[in-house]
Number of protein chains: 2
Amino acid sequence: MARQRKRTRDEWVAASFAALAEGGIDAVRVERLARTLGVTKGSFYWHFTDRAALVTAMLDAWETGGTRDVIARVDAHGGDAGARLRQLCRVTSRDGELTAELALRDWARRDADVAMRVQRVDDVRMAYIRALFEELFPNAEDIEARSMLLYSLLIGNDFIVARHGRRGRARVLKDAVELLLAQA
Amino acid sequence: MARQRKRTRDEWVAASFAALAEGGIDAVRVERLARTLGVTKGSFYWHFTDRAALVTAMLDAWETGGTRDVIARVDAHGGDAGARLRQLCRVTSRDGELTAELALRDWARRDADVAMRVQRVDDVRMAYIRALFEELFPNAEDIEARSMLLYSLLIGNDFIVARHGRRGRARVLKDAVELLLAQA
DNA sequence: GGTTTTCCATACGCAACCGTATGGACGAGG
DNA sequence: CCTCGTCCATACGGTTGCGTATGGAAAACC
């Protein structure tokens with residue numbers, strides 16, 4: 001933890017995500033972040049005009065990190081459509097991968113700008129999933145249903161905390177994916 | 001809007017949910033709620049010891065409203081397992097049915113008590129869905145996978161804002177449910 | 001080495017909340 | 001009619017957070 005002298009804009013954004021994950025949006029406060037970064041508000045208001053500007057920067061980071069980065073990681077693994085869908089499942093089910101999702105989707109219900117961003121993210125993710133399913137199935141409506149089911153599963157896997165008896169979540173998740181990949 | 005003289009505890013809770021839906025958890029503030037109810041804080045602190053007590057009352061209401069009430073509405077409609085699952089889908093996809101879900105699930109990540117409540121709700125819902133699928137399929141693992149997929153779909157239908165080209169969400173939702181109800 | 005730019009500390013005013021304390025209006029019960 | 005319990009208004013102190021203003025240290029530049 002070498003006491004560096006200068007903070008960058010990205011450090012503020014990173015600290016904001018950490019605070020969001022730990023304490024919710026209520027924890028993303030200028031003075032609190034300043035303390036964790038070892039500086040004061042003066043630093044913040046030099047890098048950002050506003051608290052709103054910080055939030056905008058967070059949204060930007062989430063938008064690319066939650067689409068392009070994930071897709072790149074999946075594609076880097078290679079394989080055919082089925083392998084990629086399984087890999088997508090593994091990547092997104094990693095713990096802490098979707099820490100900001102809930103807060104942002106909740107916020108999107110009340111803020112038009114945030115809603116637009118979430119829609120963009122959802123469209124990109126669905127397009128990726130849809131393209132993979134298109135390599136496996138012929139019927140467009142079937143493809144759309146399976147894509148929606150898989151995307152919902154990835155979201156639900158993180159948002160739902162139900163127990164599954166003796167079976168673990170990982171096993172259920174795997175079974176569900178295989179069900180979606182199975183030919184009707 | 002007859003200016004009533006006395007407020008009940010439930011009115012405060014109802015106003016809290018309205019505020020939560022409109023402005024997020026940040027809008028659930030004592031003095032703000034008092035204004036919308038046409039009273040002052042004095043009233044609040046007579047009905048509740050604390051802001052935390054209000055939140056607890058909200059959680060209680062959500063817990064029963066999001067499980068027993070929904071299940072009762074579905075069962076009241078009657079029909080076999082397949083019909084009930086389709087009805088469950090219709091009931092939960094009504095707008096505004098899950099306004100508190102996102103905020104609560106987000107909160108559950110950081111508060112052990114809230115997490116326990118969400119888990120109870122998820123367990124009850126999953127048990128209901130599972131029981132219905134058990135009437136349709138023989139394999140336990142298959143049942144669990146389909147149950148998780150359906151529950152995820154119901155959640156995802158509300159949380160995901162992706163577009164589906166010419167097909168509307170309602171149509172995709174219906175196709176997805178039929179896919180889950182179809183024999184392998 | 002002096003000047004300018006970069007980055008941050010300090011101090012201030014202001015608003016929003018929380019929770020408490022206290023008194024008052026109003027109806028119920030005797 | 002008087003009292004008592006119910007329900008709320010008002011006033012207060014304390015905290016937290018935002019945004020601004022201003023000065024200062026340290027580095028970059030010439």
Side-chain angles (χ1 to χ4, degrees), chain A residues 1-61 100 103-104 106-107 110-111 113-114, chain B residues 1-61 100 103-104 106-107 110-111 113-114:
Chain A
M1 282 299 186
R3 268 237 160 289
Q4 75 190 91
R5 244 189 45 271
K6 298 185 180 185
R7 312 286 150 174
T8 78
R9 213 160 183 279
D10 288 343
E11 285 182 272
W12 281 97
V13 174
S16 300
F17 275 110
L20 179 65
E22 191 183 340
I25 195 66
D26 279 347
V28 181
R29 293 295 145 87
V30 176
E31 283 157 298
R32 182 193 293 259
L33 293 171
R35 271 196 299 274
T36 73
L37 286 173
V39 289
T40 66
K41 293 198 306 185
S43 174
F44 177 85
Y45 286 100
W46 190 89
H47 289 287
F48 302 87
T49 72
D50 225 57
R51 183 175 175 275
L54 170 66
V55 173
T56 299
M58 289 179 69
L59 288 170
D60 290 339
L104 294 184
D106 184 36
W107 190 14
R110 301 173 301 272
D111 185 297
D113 176 56
V114 177
Chain B
M1 281 297 187
R3 267 240 162 285
Q4 74 191 90
R5 244 187 46 270
K6 299 183 179 186
R7 312 286 150 173
T8 79
R9 214 163 183 278
D10 288 342
E11 285 183 271
W12 281 96
V13 174
S16 300
F17 275 110
L20 178 65
E22 190 183 342
I25 195 67
D26 279 347
V28 182
R29 292 295 147 88
V30 175
E31 283 159 297
R32 180 194 293 259
L33 293 171
R35 271 195 300 274
T36 72
L37 286 173
V39 289
T40 66
K41 293 197 306 185
S43 174
F44 177 85
Y45 285 100
W46 191 88
H47 290 286
F48 301 88
T49 71
D50 227 54
R51 182 174 176 274
L54 171 66
V55 173
T56 299
M58 290 179 69
L59 287 170
D60 289 339
L104 293 183
D106 184 35
W107 190 13
R110 299 174 302 272
D111 185 298
D113 175 57
V114 177

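Below, chain A is the first sequence line, B the second, and so on; all start at residue 1.
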Tell me the interatomic distance from B:L33, atom CG, to C:dC17, atom C1', rounded to whole angstroms.
12 Å
Does the side chain of B:R32 get closer than 4.0 angstrom to OP1 or OP2 of C:dC17 through an N or O atom?
yes
Provide, to the nearest angstrom, the distance between the CZ atom belonging to B:F44 and the C1' atom belonging to D:dT6.
18 Å
Residue mapping more 5' on DNA chain D - nearest nucleotide basis, A:D26 or A:T49:
A:D26
Counting side-chain heavy atoms from CB outward, which of C:dC7, C:dC17, D:dC18 is closest to A:K6?
C:dC7
Interatomic distance where CD belongs to B:E31 and C1' belongs to D:dC12 [whole Å]:
12 Å
Selection from D:dC18, C:dC18, D:dC8 that lies nearest to any side-chain heavy atom of A:Y45
D:dC18
Just how far is it from atom CD1 of A:I25 to atom CH2 of B:W107, taken to the nearest 0.5 Å?
15.5 Å
Figure out the CZ/P separation between A:R7 and D:dA25, and round it to whole Å.
19 Å
Between atom CZ in B:R35 and atom C1' in C:dA15, what is the gap in whole Å?
12 Å
Show each protein N/O and nucleotides 9-11 of chain D N/O combination with a separation under 3.5 Å, one pair to a line.
{"from": "D:dA9", "atom 1": "OP2", "to": "B:T40", "atom 2": "N", "distance (Å)": "2.5"}
{"from": "D:dA9", "atom 1": "OP2", "to": "B:T40", "atom 2": "OG1", "distance (Å)": "2.7"}

With rounding to the nearest 0.5 angstrom, report the CD to OG1 distance, B:E11 to B:T36.
10.5 Å
When every non-hydrogen atom of B:D113 is compared with those of B:D111, the smallest separation belongs to N-OD1, 2.8 Å
Looking at A:H47, does any N or O in its side chain come under 4.0 Å of the phosphate oxygens OP1/OP2 on C:dT6?
no
Considering only C:dC8, D:dG17, C:dC17, which nucleotide approaches the side chain of A:W46 most closely?
C:dC8
Nearest heavy-atom approach of A:M58 to A:S16 is SD-CB, 3.4 Å
Counting just side-chain N and O atoms, does A:R29 come under 4.0 Å of either OP1 or OP2 of D:dG17?
no
Parallel, tilted or perpendicular, judged at 30° and 60°: which one describes the rings of B:F48 and B:W12?
perpendicular
Would you name the heavy atoms of B:L20 and B:A100 that are closest together and state the gap between them?
CD2-CB, 3.7 Å
Between CD of A:E11 and P of C:dC7 the distance, given in whole Å, is 12 Å
In whole Å, I'd like the distance from the CZ atom of B:R9 to the C1' atom of D:dC7.
15 Å
Would you list the pairs meeting salt bridge (Lys or Arg N to Asp or Glu O under 4.0 Å) in which at least one residue belongs to residues 45-60 of chain A, sequence neighbours left out?
A:D60-A:R117
